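See structure below.
Everything numeric in this text was worked out from a predicted model, so none of it was measured. Numbering of ligands and ligand atoms starts at 1, following listing order. Values reported hereafter were calculated over all heavy atoms of this structure, with side chains retained and with hydrogens, waters and symmetry mates removed.
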Amino acid sequence: MIGSARAYSNIAFIKYWGNRDDTLRLALNGSISMNLAGLETITTVEFSSDLEQDQLSINGSDQSEGALARVSAHLDHFRRRAAIDLRASVRSTNNFPAGTGVASSASAFAALAVAADSALELHMSEKELSMYARLGSGSACRSIPAGFVEWYAGPDDASSFAESLAPPEHWNLVDLVAIVSREHKAVGSTGGHKVAPTSPLQGARVADAQRRIDWCREALLRRDFNALAEVIELDALMMHAVMMTSKPTLLYWTPATLGLIEAVRQWREKDGLPVAFTIDAGPNVHVITEASFAEEIAEGLRALPTVQEVLSGRPGGAATAIDTHLRAS
Ligand code: DP6
């Protein structure tokens, strides 16, 4: 019983930060993202009676403890659904460099869900795959459908899943990820969601989330770059305000992060370029622009002394099962 899948990472325009239920990963607010073709995970899952325990390799190196336990717990949902008790070997490769702060959990758990579904021939719907991917990593539910995606927070498990708002061809946006640090972050997203309620600003951020979601969805559907720029920057700054005022304080920015925020604002406001920033749980800056400006902006980013590397993602398709001949090694 073997299955393989490819899934893309995604960048959130409206962020997921904080859960009403950490175990089920039921987000406190809905979110909107774009899948990132070019930043992908390929995963092969093989269930076998020869295995005594689950095995996991990422980019060819065997994993134990934390990463393995998280994958095993995710596979348990599929084992329960298929009513089997077989252990599995999971091999996963990312085509983007490790430790660059590009979230690999979204593409990883989306690819794992589709590969496990395929191996066990469960034929889950896209909605179910999104719900199952969410149990592994919240943002992974948004890497299941194609293109531009909205995750409905739902009040419960069955209503918390993502759907496509528009296909990848809808808008030629590009995410230029300006890498300013490769250091491993002290507190990752899972830990961050848990402390979000300790910030006195989290209530205000969540209370205003539906307005930002509607604003962002409309800007995307109308391809209105200026409206998109305004709402994604506001949303990212609100999430970082919550992070900075949590207990313990999560301060992901470095001086290089702030320098990039200033450069992006200057390019947009003074030079009239379609460019906006968003920032996840790390110091690297995602610079969003339109494809026809991407080369010029990427050059501008590379010219900054603080930028080590620029990765690039354009709108990506859905997570899909692939031929096991192409499987991850
Ligand atoms: C800042 O989905 O990585 O990137 O559910 O614990 O795996 P877990 O968290 P994760 O959180 C993503 C946080 C974010 C914002 C976003 O992608 O919406």
Exercise for review: Mark up the atoms of ligand 1 that fall under 4.0 Å of a heavy atom belonging to T190, in ascending order.
Suggested key: 6 (O), 7 (O), 8 (P)
Check your understanding: With under 30° as parallel and over 60° as perpendicular, where do the rings of W17 and H193 fit, or are they tilted in between?
Key -> tilted
Check your understanding: In terms of side-chain geometry, is the basic nitrogen of D235 or K15 positioned less than 4.0 Å from the acidic oxygen of its partner?
Key -> no
Check your understanding: Any salt bridge between D22 and R20, counting N to O under 4.0 Å?
Key -> no
Review point. Under a heavy-atom criterion of less than 4.0 Å, does R134 contact ligand 1?
Key: no
Revision key, fill the gap. For S137, the atoms of ligand 1 under 4.0 Å from one of its heavy atoms are 2 (O), 3 (O), 5 (O), 7 (O), 8 (P), 10 (P)
Exercise for review: Answer with side chain, backbone, both or neither: which part of H286 has a heavy atom less than 4.0 angstrom from an atom of ligand 1?
Suggested key: neither
Exercise for review: Check whether any side-chain heavy atom of V307 lies under 4.5 Å from a side-chain heavy atom of L260, and answer yes or no.
Suggested key: yes
Review point. Is R217 salt-bridged to E150, cutoff N-O under 4.0 Å?
Key: yes
**Study point:** E230 vs R268, salt bridge (Lys or Arg N to Asp or Glu O under 4.0 Å): CA-CA, chis, key distance, verdict
**Key:** CA-CA 11 Å; E230 208 183 321; R268 185 167 78 248; over 6 Å; no
Check your understanding: Is S139 touching ligand 1 with its side chain, its backbone, both, or neither, if touching means heavy atoms under 4.0 Å apart?
Key -> both
Practice item. Determine, using ring centers only, whether W151 and F161 are less than 6.0 Å apart. Key: no
Review point. Taking only heavy atoms of A281, which atoms of ligand 1 are found under 4.0 Å from at least one of them?
Key: 1 (C)
Check your understanding: Which ligand 1 atoms are under 4.0 Å away from a heavy-atom of A12?
Key -> 16 (C), 17 (O), 18 (O)
Point to revise | Atom indices of ligand 1, in the order listed, that fall short of 4.0 Å to a heavy atom of M239 | key: 1 (C)
Revision key, fill the gap. Counting from 1 in the order shown, the ligand 1 atoms closer than 4.0 Å to a non-hydrogen atom of R70 are 7 (O), 8 (P)
Point to revise | Worked verdict on R314 versus E169 for salt bridge (Lys or Arg N to Asp or Glu O under 4.0 Å) | key: CA-CA 10 Å; R314 49 187 199 291; E169 313 74 62; over 6 Å; no
Check your understanding: Would S31 count as a contact of ligand 1 if the rule is a heavy atom under 4.0 Å away?
Key -> no
Revision key, fill the gap. If we number the atoms of ligand 1 from 1 as shown, the ones under 4.0 Å from a heavy atom of K15 are 15 (C), 18 (O)
Exercise for review: From atom 14 (C) of ligand 1, work out which of N10, D280, D22, I11 has a heavy atom at the shortest distance.
Suggested key: D280
